[in-house]
Amino acid sequence: MARIVMAMSGGVDSSVAAALLCRAGHEVVGVFMRHGEAPVAAETTACASAISAEGQLLPMIQGRLDHKQGCCSASDAEDARRVAEWLGIPFYALNLSDDFARIIDYFVAEYSAARTPNPCVMCNNWLKFGKLFDYADQVGAEFVATGHYARIRMLEVPGQTPGSTQLFRGMDPTKDQSYVLFGVDRSCLPRMMLPIGDYQKSEIRQLARELRLRVADKRDSQEICFVSSGDHAEFVRRNRFRRSESESDSVGMPDETDTSGEIVLANGSIVGKHDGIEAFTIGQRKGLGVALGEPYYVTHIEAASHRVVIGRREELARCEVTADHANWLDEAPLAPFRAQVQIRYNSAAAPALVEPLENDRFRVQFDEPRYGVAPGQAAVCYDGDRILGGGWIE
């Protein structure tokens, strides 16, 4: 049996994942990652209680104990601690507020540049399968586990011995999270464990009830974890203003925090005004603030002029996209290949021809037009249920 660092969020998925590992006889160390916006006073007290229950923080990163630099949901921290206590495993809170600032900076910068970020991918790349591996090495743990709906398997070729470790979609197609794992370094795959990938969500909840876990009926999180208000545009504006203040004390410098501008049609006709480009993404239909008698969608966002261009659905159609910063979970391709490519977390993969380009880029030519292709989102390539790799849409 192995020693395993288990990322526990306080939700039903990671809680059951931890329980399954304990049931299999592994030595499990529960870890909760603290990050996000500053909590209200009542939450600060509760979160401090949750963290101090086992008497210490992880030695890897101490950080401030007054939570002034941001905190997770206090109720999530408490739920994770109680599940760990119920399972009889050690539980620690890892203060990643400084490291998580990197993800927040990325989030703010991408929206400010008229791109649509995916912070969950970055969290997996930098923290869950980054910093947690550093800690696993410190405590002699062989694996890092999470509650993602995806599967780790050895690639089997008929007539040959098992090959490299590969990442596959989860068994529940409605909950599959393999898309947000495309950026994990391939060297991490042999040390990753995803205990719930072979289960349906309904089975996970039933297991939680059978195990008498208090989180059995807890609702799934629907918001970006560090945007506690749920208003990402307001979060971007507030953090962009804070960063602008900290970067310069110059009097009379231009205001770079205001991205308000015009809403226009493709021909340049002005049809409205908006408060900031951070409130928009390609393919968006609701919340445009204009009424033109028929559905209109965001087709383009101009970072320099702050103009949001809208049009009819057919104006969203794209048969070709390019992506950069490619990450391949198998050998990097040298020639064009057929694959199914997914352009958003909640969209279906579509058949396409993928052509490798220089400088870690690739081109995707879809068999049929795709709608709502947003720069900043990931284009992830699949061979059936197996992830081949992906990159960031330019």
Side-chain angles (χ1 to χ4, degrees), residues 1-2 4-33 73 75-89 91 120-121 123-124 128-129 132 143-156 165-182 184 189-223 225 340 342 344-349 380 382-387:
M1 297 296 102
I4 302 168
V5 169
M6 176 73 221
M8 300 183 68
S9 67
V12 64
D13 297 326
S14 61
S15 297
V16 171
L20 290 172
L21 293 175
C22 291
R23 177 186 286 181
H26 296 294
E27 180 186 353
V28 181
V29 178
V31 173
F32 184 86
M33 298 189 300
S73 161
S75 60
D76 290 337
E78 180 68 5
D79 285 341
R81 183 191 66 79
R82 290 184 178 180
V83 168
E85 182 178 8
W86 177 256
L87 296 175
I89 63 175
F91 174 76
C120 293
V121 174
C123 181
N124 291 322
K128 290 179 182 175
F129 298 108
L132 287 192
F143 299 95
V144 169
T146 68
H148 284 99
Y149 284 87
R151 295 174 292 158
I152 295 289
R153 293 287 184 273
M154 294 294 291
L155 181 62
E156 298 182 4
T165 307
Q166 298 289 309
L167 182 65
F168 291 78
R169 288 190 184 276
M171 288 295 291
D172 188 339
T174 67
K175 292 295 181 180
D176 171 55
Q177 293 173 298
S178 59
Y179 175 86
V180 297
L181 297 176
F182 90 89
V184 172
L189 295 179
R191 296 183 62 192
M192 287 171 56
M193 297 189 75
L194 306 172
I196 67 171
D198 287 312
Y199 292 85
Q200 302 289 317
K201 179 72 177 197
S202 58
E203 294 177 305
I204 292 301
R205 290 209 180 273
Q206 183 58 36
L207 279 170
R209 296 184 187 101
E210 293 173 1
L211 292 165
R212 296 164 60 193
L213 300 180
R214 58 178 284 134
V215 295
D217 297 309
K218 184 176 180 179
R219 294 178 59 184
D220 293 339
S221 174
Q222 300 296 323
E223 302 295 342
C225 61
Q340 300 84 47
Q342 186 170 332
R344 283 183 182 266
Y345 175 75
N346 59 356
S347 69
V380 180
Y382 289 83
D383 177 11
D385 285 341
R386 180 167 68 99
I387 291 188

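- Taking Glu210 as the reference, nothing meets the salt bridge (charged side-chain N to carboxylate O under 4.0 Å, His left out) condition, with sequence neighbours excluded.
- Residues that satisfy the side-chain contact (heavy atoms from CB on, under 4.5 Å) test with Asp176, not counting sequence neighbours, are Arg169, Ser178, Tyr382.
- Across all their heavy atoms, Arg386 and Phe168 have their closest contact at CB-CE2, 3.5 Å.
- Note that CZ of Arg214 is 5.0 Å distant from CG of Asp79, once rounded to the nearest 0.5 Å.
- Between Arg81 and Glu78, at least one side-chain N (NZ, or NE/NH1/NH2) sits under 4.0 Å from a carboxylate O, which counts as a salt bridge.
- A heavy-atom distance below 4.5 Å is found between the side chains of Lys128 and Met33.
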Exercise. Run the numbers on Val29 and Ile89 for side-chain contact (heavy atoms from CB on, under 4.5 Å), then give the verdict.
Key: CA-CA 6 Å; Val29 178; Ile89 63 175; over 6 Å; no

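- Note that CG of Leu211 is 10.0 Å distant from CD of Gln206, once rounded to the nearest 0.5 Å.
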Quiz prompt | side-chain contact (heavy atoms from CB on, under 4.5 Å) evaluation trace for Val5 with Arg191 | solution = CA-CA 11 Å; Val5 169; Arg191 296 183 62 192; over 6 Å; no

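- Scanning all heavy atoms of the two residues, the minimum distance from Pro195 to Leu20 falls at O-CD1, 3.8 Å.
- Of the inter-residue distances, the one linking His148 atom NE2 with Leu181 atom CG reads 4.5 Å to the nearest 0.5 angstrom.
- Here the closest heavy-atom approach between residue Ile196 and residue Gly147 is recorded as CD1-O, 3.0 Å.
- Counting heavy atoms of neighbouring residues, nucleotides and ligands inside a 6.0 Å radius, atom CZ of Arg23 does not exceed 12 of them.
- Side-chain contact between Val215 and Val83: present, with at least one pair of heavy atoms (C-beta onward) separated by less than 4.5 Å.
- Put simply, the side chain of Tyr345 does not reach to within 4.5 Å of the side chain of Val121, judged on heavy atoms.
- No donor-acceptor distance shorter than 3.5 angstrom exists from the side chain of His26 to the backbone of Met1, with no hydrogens or angles considered.
- Formation of a donor-acceptor pair under 3.5 Å by the Ser14 side chain with backbone atoms of Ser9 is found in this model.
- In this structure Tyr199 satisfies the side chain to side chain donor-acceptor pair (under 3.5 Å) test with no other residue, sequence neighbours excluded.
- Taking Arg209 as the reference, Asp217 meet the side chain to side chain donor-acceptor pair (under 3.5 Å) condition, with sequence neighbours excluded.
- Atom CG of Leu213 sits about 9.0 Å away from atom CG of Leu207, to the nearest 0.5 Å.
- A 4.5 Å side-chain heavy-atom check between Val28 and Met8 finds every atom pair outside the cut-off.
- Scanning all heavy atoms of the two residues, the minimum distance from Ala150 to Leu194 falls at O-CB, 3.3 Å.
- For Met171, the side-chain contact (heavy atoms from CB on, under 4.5 Å) partners are Arg151, Asp198, Gln200, not counting sequence neighbours.
- For the atom pair SG (Cys22) and CH2 (Trp86), the distance works out to 13.0 Å, reported to the nearest 0.5 Å.
- Residues that satisfy the side-chain contact (heavy atoms from CB on, under 4.5 Å) test with Lys201, not counting sequence neighbours, are Val12, Asp13, Tyr149, Asp172, Lys175, Arg205, Asp220.
- Atom CG of residue Asp383 and atom CD of residue Gln340 lie 6.5 Å apart, to the nearest 0.5 angstrom.
- Looking at every heavy atom in both residues, Phe32 comes nearest to Ala80 through CD1-CB, 3.8 Å.
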